[in-house]
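Atoms within each ligand, like the ligands themselves, are counted from 1 in listed order. None of these values were measured; they are calculated from a predicted model.
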Amino acid sequence: MKTLAIETSCDDTSLWVIHYTWTSFEVEKLLAYSQIKDHEPYGGVVPELASRLHANKIIQVFQKLELWDLADIDFISVTTHPGLPGSLVIGKTAAGLLGEYFQKPVMPVNHIHAHIVSIFLEREYKDIELPAVILTASGWHNDLYLLDTNPHSDLWIQARLGKYHIYKLGSSRDDASGEAFDKVSKMLGGPYPWGPWISKQAAEGKPVGEGKLFRRIRLEEWSLDFSFSGIKSQVNNYLTKMKNNNHTPSEQEVCDIAYEFQESVVEVLSQKLIQAGQKHGAKTLWICGGVSANRRLRERIQDDIQDLNLPIPAMKPTKIVYSTDNAAMIWVAWIIKKMAEDNT
Ligand code: KG4
Ligand code: ZN
């Protein structure tokens with residue numbers, strides 16, 4: 001089975017051709033136009049510019065796929081929500097037109113559910129032991145989910161993807177963790193894309209004092225919700241204090257602040273993921289979404305699991321491109337639904 005997947009929810013125009021073989025999801029061709037350079041001068045994603053660029057680039061990207069003679073695709077899947085409305089509409093329109101042209105069905109996909117199932121890409125199904133607890137950490141959303149084939153009557157079911165049940169366990173009550181990375185990076189004078197910049201600075205940084213410069217915000221002990229808006233205020237207050245003392249942070253001090261900020265975020269993410277895993281009897285723990293590309297987050301989770309002597313492996317998507325927004329995950333979400341239909 002061969003399919004074309006389209007993702008245009010934010011600042012990547014991403015098209016993938018993927019083969020599904022009943023044992024694995026193999027990516028045949030991937031092409032994406034990243035708008036990073038276009039948004040950089042404005043210090044962030046400009047929604048109007050994003051939608052115009054999607055409109056300009058999507059056909060060029062499609063032509064590069066050399067798909068014109070490949071009428072043998074079985075269907076087209078496309079992100080329909082959530083995301084920037086003006087950007088989503090370009091992907092949906094392109095999918096609709098291509099569907100007409102090739103006479104293929106067009107399948108709508110939820111972006112967040114697609115992040116959850118990004119863990120399936122280029123991985124053996126047996127490695128995804130259920131129940132699994134999954135942290136989706138991105139620029140827009142920061143949630144914890146339980147993925148299982150068995151029903152959990154004590155939990156509120158958010159969605160069904162084929163035989164998989166998706167239960168939401170917690171989410172950020174304000175900013176997403178990726179958003180905190182972005183905002184703090186801007187405060188420190190970092191360029192777009194901010195998340196990777198902060199982690200690069202943090203790698204050169206060291207603890208300030210006891211290494212707890214910024215307070216960890218854990219909310220209620222029992223809660224699996226998050227809050228990341230306070231950390232941004234703490235960094236802002238710290239920088240304002242420096243400014244009031246006529247002190248401009250040196251390059252090393254910027255790295256140290258980035259280090260302290262990153263530690264405070266990854267500590268909470270790791271602890272809540274593990275707490276959720278223990279509470280819901282997870283056999284595997286997962287991180288996905290843009291923030292899962294952060295090396296320190298992955299290290300921290302491994303360290304915490306080791307310290308607690310837990311027999312639960314923690315994993316992430318097989319490639320960094322599958323952590324950030326991509327069309328391959330959009331396709332997986334659909335095929336998982338389809339597999340269940342075909343089996344019945
Ligand atoms: O999943 P994604 O590509 O798009 C959304 O659905 O939001 O995630 C983008 C987010 C941004 O906030 C970006 O700063 C963050 O992921 N990010 C990172 C890293 N790479 C991307 N945050 C921390 N460390 C990174 N290495
Ligand atoms: Zn995303």
Practice problem: For this output row, return yes or no: ring centroids of Trp16 and Phe62 closer than 6.0 angstrom. | Solution: no
Quiz item: When the aromatic ring centroids of Phe120 and Tyr164 are compared, is their separation below 6.0 Å?
Solution: yes
Quiz item: Within a radius of less than 6.0 Å around CD of Glu220, do more than 12 heavy atoms belonging to other residues, nucleotides or ligands occur?
Solution: yes
Taking [X] for the side chain and [Y] for the main chain, is one N or O donor matched with an acceptor at less than 3.5 Å?
{"X": "Tyr167", "Y": "His152", "answer": "yes"}
{"X": "Asn236", "Y": "Leu239", "answer": "no"}
{"X": "Arg173", "Y": "Asp225", "answer": "no"}

Should [X] and [Y] count as an ion pair when the cut-off is N to O under 4.0 Å?
{"X": "Glu267", "Y": "Lys212", "answer": "yes"}
{"X": "Lys104", "Y": "Asp74", "answer": "no"}
{"X": "Asp182", "Y": "Lys186", "answer": "no"}

Mark the output for [X] as yes if a heavy-atom distance to ligand 1 is under 4.0 Å, and as no if none is.
{"X": "Ser199", "value": "yes"}
{"X": "Gln262", "value": "no"}
{"X": "His115", "value": "yes"}
{"X": "His111", "value": "yes"}
{"X": "Pro193", "value": "no"}

Distance from [atom] to nearest protein heavy atom, with residue and atom:
{"atom": "atom 3 (O) of ligand 1", "result": "Asp325 N, 3.0 Å"}
{"atom": "atom 12 (O) of ligand 1", "result": "Asp182 OD2, 2.8 Å"}
{"atom": "atom 24 (N) of ligand 1", "result": "Asn294 ND2, 3.0 Å"}
{"atom": "atom 20 (N) of ligand 1", "result": "Gly290 O, 3.5 Å"}
{"atom": "atom 1 (O) of ligand 1", "result": "Ser138 OG, 2.7 Å"}
{"atom": "atom 22 (N) of ligand 1", "result": "Gly195 CA, 3.7 Å"}

Test of understanding: given a 4.0 Å heavy-atom threshold, classify the contact between [X] and ligand 1 as side chain, backbone, both, or neither.
{"X": "Thr324", "result": "both"}
{"X": "Arg295", "result": "neither"}
{"X": "Trp140", "result": "both"}

Exercise. Compare every heavy atom of Cys10 with every heavy atom of Ala50, then report the nearest pair and how far apart it is.
Key: CB-O, 3.9 Å
Quiz item: Are Glu221 and Ser223 close enough that a side-chain donor and a side-chain acceptor fall under 3.5 Å?
Solution: no
Exercise. Going by the side-chain hydrogen bond (donor to acceptor under 3.5 Å, both in side chains) test, name the single residue among Ser172, Ser227, Ser171, Ser177 that passes it with Asn142.
Key: Ser177
Quiz item: Looking only at distance, does Trp194 have an N or O less than 3.5 Å from an N or O of ligand 1?
Solution: no
Quiz item: Based purely on interatomic distance, does Gly289 place a nitrogen or oxygen under 3.5 Å from a nitrogen or oxygen of ligand 1?
Solution: no
Quiz item: Against heavy atoms of His141, which atoms of ligand 1 measure under 4.0 Å?
Solution: 6 (O)
Quiz item: Relative to the heavy atoms of Gly139, which atoms of ligand 1 are at a distance of less than 4.0 Å?
Solution: 5 (C), 7 (O), 8 (O), 9 (C), 10 (C), 12 (O)
Quiz item: For Asp325, what is the atom name of its N, O or S atom nearest to the Zn ion (ligand 2)?
Solution: OD1
Quiz item: Looking at Tyr33, does the NZ or CZ of Lys57 lie under 6.0 angstrom from its six-membered ring centre and within 45 degrees of the ring axis?
Solution: yes
Self-check item: N, O or S atom of His111 closer to the Zn ion (ligand 2) than 2.8 Å
Solution: yes
Practice problem: Decide, counting backbone as well as side-chain atoms, whether His115 has an N, O or S atom less than 2.8 Å from the Zn ion (ligand 2). | Solution: yes
